[in-house]
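Remarks on the structure that follows.
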Protein chains: 2
Amino acid sequence: MPAAAAAPATASGPNRKDPRRRVLDAAARCFIRGGFHATSMHEVCAEAGMSPGALYRYFPSKEAIIIAIVEEERSARSALLAHLDSSATLVEALTLMGEALFSSDPPMVCVELGPEIAAEVSRNPRLRPVFDEVEDEMDAAFLRALEAAQARGEVDPALDRDHVMLMINALGDGIMLRRRLQPELPLAQMMPQIATLIGRMLAPPAPSVSSGASR
Amino acid sequence: MPAAAAAPATASGPNRKDPRRRVLDAAARCFIRGGFHATSMHEVCAEAGMSPGALYRYFPSKEAIIIAIVEEERSARSALLAHLDSSATLVEALTLMGEALFSSDPPMVCVELGPEIAAEVSRNPRLRPVFDEVEDEMDAAFLRALEAAQARGEVDPALDRDHVMLMINALGDGIMLRRRLQPELPLAQMMPQIATLIGRMLAPPAPSVSSGASR
DNA sequence: AAAGCGCGAACGAACGTTCGCTCTTGACTC
DNA sequence: GAGTCAAGAGCGAACGTTCGTTCGCGCTTT
């Protein structure tokens, strides 16, 4: 029985001990397959190997499960920002973040559910605070890194930081969206070249003095 | 009475004559508000000022309405590509396309429903052919324009066209997604600067000074 | 013996869709 | 022009199904 990690998660395996986790994982798989509103609780129960009665001991409603999943997605994505502080350059950080995002197997929930979550957050006010809290934090972290990169000369100081941030955020979201539409894209491999393109966009216009961004 | 275009579309008005149009417009408004699967047919009927019996004369099912809306969204987006042929530069074309996308009032369906449609297409095989047909056509048109821009020297001929296309496509989708999350963003005004950033990314490296691109 | 996890049948509500009816329309007869 | 009538647009109650959720009861564990 080698297929234990991505198995349908019946009542066997190490997750026997954490029913909440089991429900969340099962729900994520179902939601990826069918979306939030086209997935029934019975499906989630079946995927989790659990009866409705048992499941409702751990979550008061379907919406609570959705909120918990969005919460986890957000913090997973937020964790990627650690690369911003541990990398020498912004471009290197973006490369690492992208590779981490797209090389994970099974694919990360935030990659698979990105568009679904965006659509849901934009219309369900109960999800807004959950989403925004992390969003603001991420924006702040990125803004700091961007400012540092400008001070360092890696990024053109003349650039409007809000515009740059919108571009990078949009690119990230957009790539996840396109991955849903074309799962065969070898995104992890493409990250270095994509990050290089971003680097060209942000770099100061050809300086007469080549005091470069190199070490 | 200036509010005739975005009215709830009761049985009055000039659209009295085209019930199919009335249903599609009403459904689009409902789907933007609540998403495809969280919107009931009764809601659509109410919005269209029509009974279920009447509505089902024009569409055999809810899915047929969704398919028709996706079809329209695609062709509306595809129409934007005309700017590619009528503009002198790629950057100018992208600016015009972005401004057309985001300055329309009421906002275009493809802006409001973009993420929802992506999520739905990625999981409903019946939407795939509708989506892909236009997608392929758009990709081909953009590839042609990109090739021309490279020949012209506006875009670095050394760049991999597939990578560039992924970036531009992702950026477009990503900006629409972020607009859903932050509707207050003045996107139409930001387009020239965004397009300029894209231009910097694509431009050939400065001829006089060779800045060492690491890697 | 007590406690509580887990079960699955069952609930009321709401879903997408249908059906038999009324009302409107416009061409045809006289 | 008045009267007739077939055709179909539109209606809305009602259909069978499925939804999210509940509840009372066995079963396990201590």
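Reminder, nothing fancy here: chain letters follow the sequence lines and each chain counts from 1.
- With D:dG10, D:dG12, C:dG16 as the choices, the nucleotide that has an atom nearest any side-chain atom of B:Pro52 turns out to be D:dG12.
- Nucleotide C:dC15 holds its C1' atom 14 Å from the CD1 atom of B:Ile66, rounded to whole Å.
- Remark: B:Glu133 CD is loosely packed, at most 12 non-hydrogen atoms of other residues, nucleotides or ligands lying under 6.0 Å away.
- In terms of position along DNA chain D, the nucleotide closest to A:Phe36 lies nearer the 5' end than the nucleotide closest to the other residue of the pair A:Phe36 and A:Ala54.
- Between the P atom of C:dG16 and the NE2 atom of B:His37 lies a distance of 10 Å, rounded to the nearest Å.
- To the nearest angstrom, C1' of C:dC5 lies 16 Å from CZ of A:Arg20.
- Going from atom CZ of B:Phe59 over to atom P of C:dT17 covers 13 Å, rounded to whole Å.
- Proximity note for A:His42 (side chain, C-beta onward) versus C:dA10, D:dA14, D:dG10: the nearest is C:dA10.
- In this structure, A:Leu55 atom CG and D:dT22 atom P are separated by 12 Å, rounded to whole Å.
- Between A:Ser78 and A:Glu137, the shortest heavy-atom distance links the atoms OG-OE2, 3.6 Å.
- The interatomic distance linking A:Met41 (CE) with D:dT22 (P) rounds to 10 Å, in whole Å.
- Of the candidates C:dC7, D:dT21, C:dC5, the closest approach to any side-chain atom of A:Ser51 belongs to C:dC7.
- The NZ-P distance, from B:Lys62 to C:dT17, rounds to 8 Å in whole Å.
- Dashed line: the shortest gap from a side-chain N or O of A:Tyr58 to OP1 or OP2 of C:dG6 is under 4.0 Å.
- The number of heavy atoms from other shown groups lying within 6.0 Å of CD (B:Gln189) does not exceed 12.
- Proximity note for A:Tyr56 (side chain, C-beta onward) versus D:dT22, C:dG16, D:dG10: the nearest is D:dT22.
- Donor-acceptor pairing under 3.5 Å, judged by distance alone, is absent between the side chain of A:Arg57 and the base of C:dG4.
- Salt-bridge formation is detected for the pair A:Glu47/A:Arg33: a Lys NZ or Arg NE/NH1/NH2 atom is positioned less than 4.0 Å from an Asp or Glu carboxylate oxygen.
- Taking the side chain as every heavy atom from C-beta outward, B:Asp18 and B:Arg22 never approach each other to under 4.5 Å.
- To the nearest angstrom, P of C:dC7 lies 7 Å from CE of A:Met50.
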